[in-house]
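Below you'll find the structure I mean.
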There are 2 protein chains.
Amino acid sequence: MADHTVDQEAWASALHSHGRRVTKQRLAVLAAVQNHPHSPAEAILAAARKDLPELTAQSVYVVLSDLTDLQMLRRFEPPHSPALYETRVGDNHHHAVCISCGRVEDVDCAVGHAPCLTPHWDEHSKPMTIQIADVLYQGICQDCQAKQQLPTQTYATHEIGER
Amino acid sequence: MADHTVDQEAWASALHSHGRRVTKQRLAVLAAVQNHPHSPAEAILAAARKDLPELTAQSVYVVLSDLTDLQMLRRFEPPHSPALYETRVGDNHHHAVCISCGRVEDVDCAVGHAPCLTPHWDEHSKPMTIQIADVLYQGICQDCQAKQQLPTQTYATHEIGER
DNA sequence: GCCTTATTGTGAAGAACTCATAATAAGTGC
DNA sequence: GCACTTATTATGAGTTCTTCACAATAAGGC
């Protein structure tokens, strides 16, 4: 583990520049998200409570959605799973989700810096001004692929959630 | 409106080929999804009840998720919105969501037939075998863009859901 | 038409998230 | 450093979307 003081100061100044007060709750949530990327609110609460036991779930929800609006955090929602959060923002990366175990991996963009930002519109649709293009890959991770080779293992279609 | 009998027979044979019985509930749900693409379960229930008033919400949920597993329907979950369903499957198209009003438009793939199916993996991540790449565009539709020009209109950040 | 078993309806429960309001504490000025 | 103002957090309940267990119903094969 590296020196967390550096991160804390970076978070503090980022909060300041967005006109937010620097509270231990926000710092704890930010640290928890950084140490546990792709985690749901519940897991972030659990992690943050190791530093700050009196933190409540509702505060975590408020902080997460506020920081997401500020673009200090990024939120994404895999199918059949609660929303996940991460600190890696602004680099336009995407995600791959294992449909068997729910594991999430980061994926850099395949088509350069701003991929697929110029969609081909249907003839009958009204074009929109696109701001974000999120790509969600779904597949099977190496571990689950290995498990499915075993004879006793039945094909688990929708077993997402790593609880 | 075209002749619905044709569609019904197509749905019936598709259900048969998946080993499912042909029930009026399934046909009503399929017709409702076809006539109201990108609709949540609640709207599908309402639409299907016009043909079949005794249909229940729980049946709709069961039918929708079963038909989605069979790939006869496609399900996707825009942020801050319940799951939406559509009958257009197997053509690898994507979706654009207006972050202001929640309107959804279909988008054909920008990069050909199977776009972005070869992600660039992080150095530290374990590659997965990718099966699906869902692209979710987020932007502002023409109507909302026009509305935001008006002085009295405040910037509505997260008003999704067309209830 | 009858029978078997998939399918649907019933009623309730669960997970994830949000809301209203009171308590607390961060930052500002003295 | 201390009081004050207002943003922030905690409390407790409520909402929404979805699923579960089990009984009632009906589709399709004989």
Side-chain angles (χ1 to χ4, degrees), chain A residues 8 11-13 15-30 39-46 48-49 51-70 72 75-85 102 157-163, chain B residues 8 11-13 15-30 39-46 48-49 51-70 72 75-85 102 157-163:
Chain A
Q8 295 242 335
W11 293 133
S13 71
L15 287 170
H16 261 134
S17 71
H18 284 291
R20 295 296 188 278
R21 292 181 178 174
V22 179
T23 66
K24 52 193 174 187
Q25 288 88 345
R26 278 200 252 251
L27 292 175
V29 166
L30 282 165
S39 292
E42 197 182 355
I44 293 165
L45 170 65
R49 271 188 170 160
D51 293 331
L52 199 64
E54 70 270 28
L55 186 66
T56 65
Q58 288 75 354
S59 298
V60 171
Y61 279 111
V62 170
V63 169
L64 285 175
S65 72
D66 183 46
L67 296 184
T68 303
D69 287 347
L70 298 180
M72 288 182 60
R75 166 196 171 115
F76 78 106
E77 306 180 27
H80 308 285
S81 165
L84 307 183
Y85 295 86
T157 327
H158 276 304
E159 235 192 348
I160 286 193
E162 42 192 351
R163 186 159 302 272
Chain B
Q8 295 242 335
W11 293 132
S13 70
L15 286 170
H16 262 135
S17 71
H18 284 290
R20 294 296 187 277
R21 291 180 178 174
V22 180
T23 66
K24 53 192 174 188
Q25 288 88 346
R26 280 199 252 251
L27 291 175
V29 167
L30 282 165
S39 292
E42 199 183 355
I44 293 165
L45 171 65
R49 271 188 170 160
D51 293 331
L52 198 64
E54 70 270 27
L55 186 66
T56 64
Q58 288 74 355
S59 297
V60 171
Y61 278 109
V62 170
V63 169
L64 285 175
S65 71
D66 183 47
L67 295 184
T68 303
D69 287 347
L70 297 180
M72 288 182 59
R75 166 195 171 114
F76 80 106
E77 306 180 27
H80 308 286
S81 165
L84 308 182
Y85 295 86
T157 327
H158 278 301
E159 235 192 349
I160 286 192
E162 43 190 349
R163 187 159 300 270

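The sequence lines fix the lettering, A, B, ..., with proteins before strands; numbering per chain opens at 1.
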Give the residues of residues 52-59 of chain B touching DNA chain D, defined as any heavy atom closer than 4.0 Å, sorted by residue number.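 Close to the strand are B:Q58.
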If I compare all heavy atoms of B:R21 with all of B:L15, which pair ends up nearest, and what's the gap?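 Smallest heavy-atom distance, with atoms named: O-CD1, 4.2 Å.
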Does the pair B:L52 and B:L27 meet the rule for a side chain to side chain contact (heavy atoms under 4.5 Å, CB included), with working shown? CA-CA 10 Å; B:L52 198 64; B:L27 291 175; over 6 Å; no
Report the residue (A:Q25 or B:V62) whose heavy-atom-nearest nucleotide on DNA chain C is the more 5′ of the two.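 Its nearest nucleotide being more 5', the pick is B:V62.
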For A:H18 and D:dT8, give me the distance from atom NE2 to atom C1', rounded to whole Å.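 For the pair A:H18 NE2 and D:dT8 C1', the rounded distance is 17 Å.
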Residue-phosphate contact under 4.0 Å: A:R26 side-chain N/O, D:dT8 OP1/OP2: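 A:R26 to D:dT8 OP1/OP2: side-chain N or O found under 4.0 Å.
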Residue B:R75, side-chain atoms from C-beta onward, closest of C:dC17, D:dT18, D:dT9: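 Out of C:dC17, D:dT18, D:dT9, the nucleotide with an atom closest to B:R75's side chain is D:dT18.
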Heavy atoms from C-beta onward define the side chain here; which of C:dT8, D:dG28, D:dT8 lies closest to that of B:H16?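 Among C:dT8, D:dG28, D:dT8, the one nearest the side chain of B:H16 is D:dG28.
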Atom-pair distance (CG on B:L64; C1' on C:dT7), nearest Å: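 Rounded to the whole Å, the gap is 15 Å.
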For atom OH of A:Y85 and atom P of C:dA16, their distance in whole Å: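 Taking atom P of C:dA16 as the reference, OH of A:Y85 is at 12 Å.
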CG-CG distance between A:L84 and A:L64, expressed to the nearest 0.5 angstrom: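 Answer rounded to 0.5 Å: 11.0 Å.
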A:I44 CD1 to C:dA16 P, straight-line distance once rounded to whole Å: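 After rounding, the reported distance stands at 13 Å.
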Do any side-chain nitrogens or oxygens of A:T23 fall under 4.0 Å of OP1 or OP2 in D:dT9?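 True: A:T23 side-chain N/O within range (under 4.0 Å) of D:dT9 OP1/OP2.
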B:L15 CG to C:dA6 P: how many Å, rounded?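 Rounding to the nearest Å, CG of B:L15 and P of C:dA6 are 16 Å apart.
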Starting at the 5' end of DNA chain D, which residue's closest nucleotide do you reach first, A:K24 or B:E77?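 The residue mapped nearer the 5' terminus is A:K24.
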Rounded to whole Å, please give me the gap between CG in A:D69 and P in D:dA7.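 Taking atom P of D:dA7 as the reference, CG of A:D69 is at 17 Å.
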Measure the distance from NE2 on B:H80 to P on C:dC19 and round it to the nearest whole Å.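 Nearest whole value for this atom pair: 12 Å.
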Let me confirm one number: the CG-CZ distance from A:D69 to A:R75, rounded to the nearest 0.5 Å.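 Here the rounded value is 9.5 Å.
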Could you work out which one of C:dT7, D:dC17, D:dG28 sits closest to the side chain of B:E42?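 Closest nucleotide among those given: D:dC17.
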Find the distance B:Y61:OH to C:dG14:C1' and express it as a whole number of Å.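 Rounded to the whole Å, the gap is 13 Å.
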Which residue pairs pass the salt bridge (Lys or Arg N to Asp or Glu O under 4.0 Å) test with at least one member in residues 54-67 of chain A, sequence neighbours excluded?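 The answer is A:R20-A:D66, A:R26-A:D66.
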Could you measure the distance from the CG atom of B:L30 to the CD1 atom of B:I44? Nearest 0.5 Å is fine.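 Reported value, rounded in 0.5 Å steps: 10.0 Å.
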What distance do B:E77 atom CD and A:S81 atom OG have between them, rounded to the nearest 0.5 Å?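 Between atom CD of B:E77 and atom OG of A:S81 there are 9.0 Å.
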Contact nearer the 5' end of DNA chain D, comparing A:D66 with B:A83: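 Residue closer to the 5' terminus by nearest nucleotide: A:D66.
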